[in-house]
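Written below as structure tokens is the structure these notes are about.
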Amino acid sequence: MSFLSNYLVTIIQQRLHNHFGPLNWWPADSPFEVIVGAILTQNTAWTNVEQAIHNLKQADVLSPEKLAKLPVNQLEELIRPSGFFRQKAARLQNLAIHLTEEWQNNLDDFCSGPLVAARQRLLALSGIGPETADSILLYAAGRPSFVVDAYTRRIFKRVGLLKGQESYDEIRQMFMQNLPEEVQLYNEYHAQIVQLAKTCCRKVKTFCSDCPLKGVCHHANPSI
DNA sequence: GTCCAGGGGA
DNA sequence: TCCCCTGGAC
């Protein structure tokens, strides 16, 4: 990996941290709630997910045992605000049944072992792709697996570090090969990326003049 | 009222 | 490539 990638990946994290301060993700009361949130937030704004999780708490079904037993049409109604509610209800229930039947609801065991193996175990489940798997590993299990999302792609393409055709795993490797393997660093970095994407580095209406990456990013100043 | 943002599967 | 869906912005 080039010196330039290493320099940019590192300095961007520092800039974002200085600008936003520590963000202390993931906002949840338990590891299982993180897992549920990771599935519900697929292709969905977090505000919609909050309502769905609120509904699950109100109904007192936010545990693998209860989600496994809940009639799926009831689950669909509870999570409806998060969108794509039919597929997400099936995904959640499938995961809850898997955890209950194969892992005795022991999330530590489920996410333990070599990182590659734990990641494969997650990816084998229906409805868990790379981003959801890495979110669960990082934010529910506290394991050093960098999360890549649409925001990461957008920001680092604008910065000039990505062309746009890279695969998920290539981008993940770019971060992991250029950063020390620290859970807290991965945790904060992804949170900072999301924060930047929601404030300055939005999809269409950008606010480059307010951006903490001014001077580093091609988008704000194509002459760099 | 229309549009927009946003992962995974087939 | 297309389908799955919502709340919020405009």
Side-chain angles (χ1 to χ4, degrees), chain A residues 23 25-28 32-59 67 70 72-99 110-111 118-141 145-158 162 164-175 186 189-208 210-211 219:
Chain A
L23 297 174
W25 273 24
W26 176 300
F32 186 65
E33 186 180 325
V34 175
I35 294 177
V36 170
I39 289 175
L40 292 181
T41 200
Q42 291 168 358
N43 231 38
T44 300
W46 183 251
T47 49
N48 297 9
V49 178
E50 284 180 325
Q51 181 60 49
I53 289 187
H54 174 78
N55 292 347
L56 293 173
K57 287 181 172 175
Q58 288 294 112
L67 282 192
L70 191 65
V72 72
N73 61 319
Q74 288 182 33
L75 181 53
E76 288 176 358
E77 286 313 310
L78 291 170
I79 67 166
R80 194 169 187 131
S82 76
F84 305 104
F85 58 93
R86 291 187 182 89
Q87 13 178 354
K88 286 177 183 175
R91 288 171 184 183
L92 283 179
Q93 187 149 65
N94 177 61
L95 173 70
I97 291 170
H98 181 78
L99 288 173
F110 179 59
C111 295
R119 193 166 185 268
Q120 280 304 317
R121 204 178 293 145
L122 284 161
L123 290 173
L125 291 169
S126 165
I128 298 188
E131 181 184 338
T132 308
D134 291 326
S135 296
I136 290 171
L137 288 168
L138 183 59
Y139 292 106
S145 201
F146 201 90
V147 178
V148 175
D149 62 0
Y151 299 145
T152 314
R153 289 176 181 274
R154 183 163 80 225
I155 290 170
F156 284 83
K157 188 176 174 192
R158 286 175 177 171
L162 296 176
Q165 314 309 317
E166 293 86 352
S167 71
Y168 183 97
D169 286 324
E170 284 172 337
I171 299 173
R172 176 172 176 265
Q173 286 305 315
M174 179 184 81
F175 284 96
Y186 290 6
Y189 204 164
H190 176 65
Q192 309 281 1
I193 285 168
V194 172
Q195 192 70 14
L196 183 71
K198 287 184 178 172
T199 54
C200 307
C201 200
R202 307 205 306 196
K203 193 166 187 177
V204 180
K205 189 178 182 196
T206 58
F207 294 91
C208 294
D210 300 333
C211 183
H219 198 74

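Basis for what follows: all heavy atoms, side chains included, without hydrogens, waters or symmetry-related copies. Throughout, a chain's letter reflects where its sequence line sits, starting with A, and its residues are numbered from 1.
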Starting at atom [atom1] of [X], determine the distance to atom [atom2] of [N], rounded to an integer number of angstrom.
X	N	atom1	atom2	value
A:Leu95	B:dG7	CG	P	18 Å
A:Asn48	C:dC4	CG	P	18 Å
A:Glu77	C:dC5	CD	P	12 Å
A:Arg154	B:dG7	CZ	C1'	15 Å
A:Lys88	B:dG7	NZ	P	9 Å
A:Glu76	C:dC4	CD	P	14 Å
A:Phe85	C:dT6	CZ	P	5 Å
A:Arg91	C:dC5	CZ	C1'	12 Å

- Item | Between A:Glu77 and A:Asn73, a side-chain donor and acceptor under 3.5 Å |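 Absent: no donor and acceptor within the cut-off.
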
- Pair A:Arg172, A:Ser145: side-chain N/O donor-acceptor within cut-off below 3.5 Å: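 A pair is found: one side chain offers a donor N or O, the other an acceptor, under 3.5 Å apart.
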
Of the listed nucleotides ([options]), which one gets closest to any side-chain atom of [X]?
X	options	value
A:Gln87	C:dT6, B:dG7, C:dC4	C:dC4
A:Arg80	B:dG8, C:dC4, C:dT6	C:dT6
A:Arg86	C:dC5, B:dG8, C:dT6	C:dC5
A:Val204	B:dA5, B:dG7, C:dG7	B:dA5

Is [X] touching bases, backbone alone, or none of the nucleic acid, heavy atoms closer than 4.0 Å?
X	answer
A:Ala45	nothing
A:Arg153	nothing
A:Ile79	nothing

- What about A:Tyr186 and A:Phe175, are their ring centers closer than 6.0 Å? no

- Message: Please confirm whether the shortest side-chain N or O distance from A:Arg202 to OP1 or OP2 of B:dA5 is below 4.0 Å.
- Response: no

- Query: A:Thr132 side chain N/O closer than 4.0 Å to the phosphate oxygens (OP1, OP2) of B:dG8?
  - Reply: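 It does, given that an N or O in the side chain of A:Thr132 lies less than 4.0 Å from OP1 or OP2 of B:dG8.
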
- If each of A:Lys205 and A:Ser82 is mapped to the nucleotide of DNA chain C with the nearest heavy atom, which maps nearer the 5' terminus, i.e. the 5' end?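 Whichever sits nearer the 5' end wins; that is A:Ser82.
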
- Could you check A:Phe84 against A:Gln51 and say which one's nearest nucleotide on DNA chain C is further toward the 5' end?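 Taking each residue's closest nucleotide, the earlier one in sequence belongs to A:Phe84.
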
- Indicate yes or no: does A:Glu33 engage A:Lys57 in a salt bridge with an N to O separation below 4.0 Å. yes

- Query: So does A:Asp149 pair up with A:Arg154, basic N to acidic O under 4.0 Å?
  - Reply: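 Salt bridge absent between A:Asp149 and A:Arg154.
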
- Task: Could you check A:Gly127 against A:Lys203 and say which one's nearest nucleotide on DNA chain B is further toward the 5' end?
- Result: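 This one resolves to A:Lys203.
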
